[in-house]
K.L.:
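Sending over a structure as structure tokens; questions will come in a sec.
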Amino acid sequence: TRTPTSTSYQSIPYRAAAHSALGPRGEVWCVPNSSRYELLLLRRGAADTIRVALERPALPVTAAERDSVIAQIEEKGPTGLDFSRIPTVKPAIDRLTIDDQGRLWVRRMNARGAIEFDVLDPDGRFVATAELGVHRSSVWTPFVVSRDHVYAVVLDADDVQHIVRFRIGR
């Protein structure tokens, strides 16, 4: 008899990653490594790449946050994950999306632990920073910005996911 096996994937919490978003005119925004706040704008037929770098404070992974993610991982069973690989600093950028007007929304955490978005115009100029007003959401699920709303999946105190619509104030 064969015993079914299961495979699971466990990423290293707070690990920097690459991100990208495709714009309405075929442009590509990318983050080669989210440990730095650096974005590249690649346009079809353009001779140059536009580089955008903003100064944002590095946010440490606190001992409580580290212990919490380790406990969550260990609760699921042995993974063989080397916990010494958990970074001491959070990624500068969590995720990217482009709204219906071609603006780039850069999702990140602020020093208070709330989710913020830096908004850039289609040419890479900074427009504004918007705070979502929540502290917990899944970085694995996309957020959508359309007209004057942000749609996101947030987590309640029991880690239950809820789809929430936020109105964008001017």
Side-chain angles (χ1 to χ4, degrees), residues 11-62 64-66 68-69 85-156 159 161-170:
S11 66
I12 297 169
Y14 302 110
R15 190 187 106 231
H19 301 285
S20 62
L22 179 63
R25 293 176 303 280
E27 70 275 18
V28 177
W29 282 97
C30 61
V31 177
N33 180 340
S34 66
S35 64
R36 294 181 309 277
Y37 197 112
E38 182 179 22
L39 301 140
L40 301 176
L41 173 57
L42 311 168
R43 291 186 173 150
R44 189 176 27 189
D48 296 324
T49 298
I50 296 173
R51 179 184 168 274
V52 177
L54 296 176
E55 289 294 323
R56 297 291 181 253
L59 302 177
V61 175
T62 66
E65 290 168 328
R66 186 180 190 283
S68 176
V69 295
R85 295 179 64 196
I86 297 174
T88 58
V89 177
K90 296 173 185 170
I93 295 173
D94 290 335
R95 198 168 186 110
L96 305 175
T97 198
I98 297 177
D99 69 13
D100 54 350
Q101 296 175 36
R103 296 175 300 196
L104 178 70
W105 289 65
V106 181
R107 179 187 147 141
R108 62 183 179 82
M109 299 299 286
N110 66 22
R112 294 181 309 283
I115 297 166
E116 274 189 350
F117 298 100
D118 289 325
V119 184
L120 306 176
D121 75 8
D123 293 317
R125 289 182 295 269
F126 178 80
V127 174
T129 295
E131 185 173 314
L132 194 55
V134 297
H135 294 264
R136 300 187 66 226
S137 83
S138 172
V139 296
W140 298 107
T141 56
F143 61 94
V144 175
V145 182
S146 180
R147 297 187 189 171
D148 55 356
H149 290 94
V150 174
Y151 301 86
V153 176
V154 299
L155 304 173
D156 66 17
D159 285 337
Q161 296 181 348
H162 301 275
I163 298 173
V164 181
R165 179 179 69 176
F166 298 91
R167 183 163 179 69
I168 299 170
R170 302 289 174 205

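Because the structure is a prediction, the values reported are computed rather than measured. Just so you know, residue 1 is the first one in the sequence shown, and it goes up from there.
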K.L.:
Which pair of non-hydrogen atoms, one from R15 and one from P91, has the smallest distance, and what is that distance?
P.N.:
O-CG, 3.7 Å
K.L.:
For residues L96 and C30, determine if any side-chain heavy atom of one lies less than 4.5 Å from a side-chain heavy atom of the other.
P.N.:
no
K.L.:
Closest approach of D100 and S146, non-hydrogen atoms and distance?
P.N.:
OD2-OG, 3.6 Å
K.L.:
Nearest 0.5 angstrom please: Y37 OH to D118 CG, how far?
P.N.:
3.5 Å
K.L.:
List the atom of P87, the atom of P13, and the distance in Å for their closest heavy-atom pair.
P.N.:
CD-O, 3.2 Å
K.L.:
Using 0.5 Å steps for rounding, measure from the CD atom of Q101 to the CG atom of D121.
P.N.:
11.0 Å
K.L.:
Just how far is it from atom NE2 of H149 to atom CG of D99, taken to the nearest 0.5 Å?
P.N.:
13.5 Å
K.L.:
Quick one, V119 and V145 - any side-chain contact, counting heavy atoms below 4.5 Å?
P.N.:
no
K.L.:
How many angstroms lie between NE2 in H19 and CZ in R95, if you round to the nearest 0.5 Å?
P.N.:
8.0 Å
K.L.:
Is there side-chain contact between R108 and T129, with heavy atoms separated by less than 4.5 Å?
P.N.:
yes
K.L.:
Where is the tightest heavy-atom contact between A130 and W105, given as atom of each residue plus distance?
P.N.:
CB-CZ3, 4.5 Å
K.L.:
Answer whether the closest heavy-atom distance between the side chains of P60 and K90 falls below 4.5 Å.
P.N.:
no
K.L.:
Write down the atom of S34, the atom of A16, and the distance for their closest heavy-atom approach.
P.N.:
OG-CA, 3.2 Å
K.L.:
Are V52 and F126 packed together at the side-chain level, in the sense that at least one heavy-atom pair is separated by less than 4.5 angstrom?
P.N.:
no
K.L.:
For residues L39 and L104, report the shortest heavy-atom separation together with the two atoms involved.
P.N.:
CD2-CD2, 4.1 Å
K.L.:
Could you walk me through whether V89 and S35 pass the side-chain contact (heavy atoms from CB on, under 4.5 Å) test, one step at a time?
P.N.:
CA-CA 8 Å; V89 177; S35 64; over 6 Å; no
K.L.:
Please round to the nearest 0.5 Å and tell me the distance separating atom OG1 of T88 and atom CG of L59.
P.N.:
11.5 Å
K.L.:
Just verifying a value: how many Å separate E131 CD and I115 CD1, rounded to the nearest 0.5 Å?
P.N.:
9.5 Å
K.L.:
Could you tell me if the side chain of L120 sits less than 4.5 Å from the side chain of R103, heavy atoms only?
P.N.:
no
K.L.:
Ion pair present between R43 and E27, side-chain N to carboxylate O less than 4.0 angstrom?
P.N.:
no
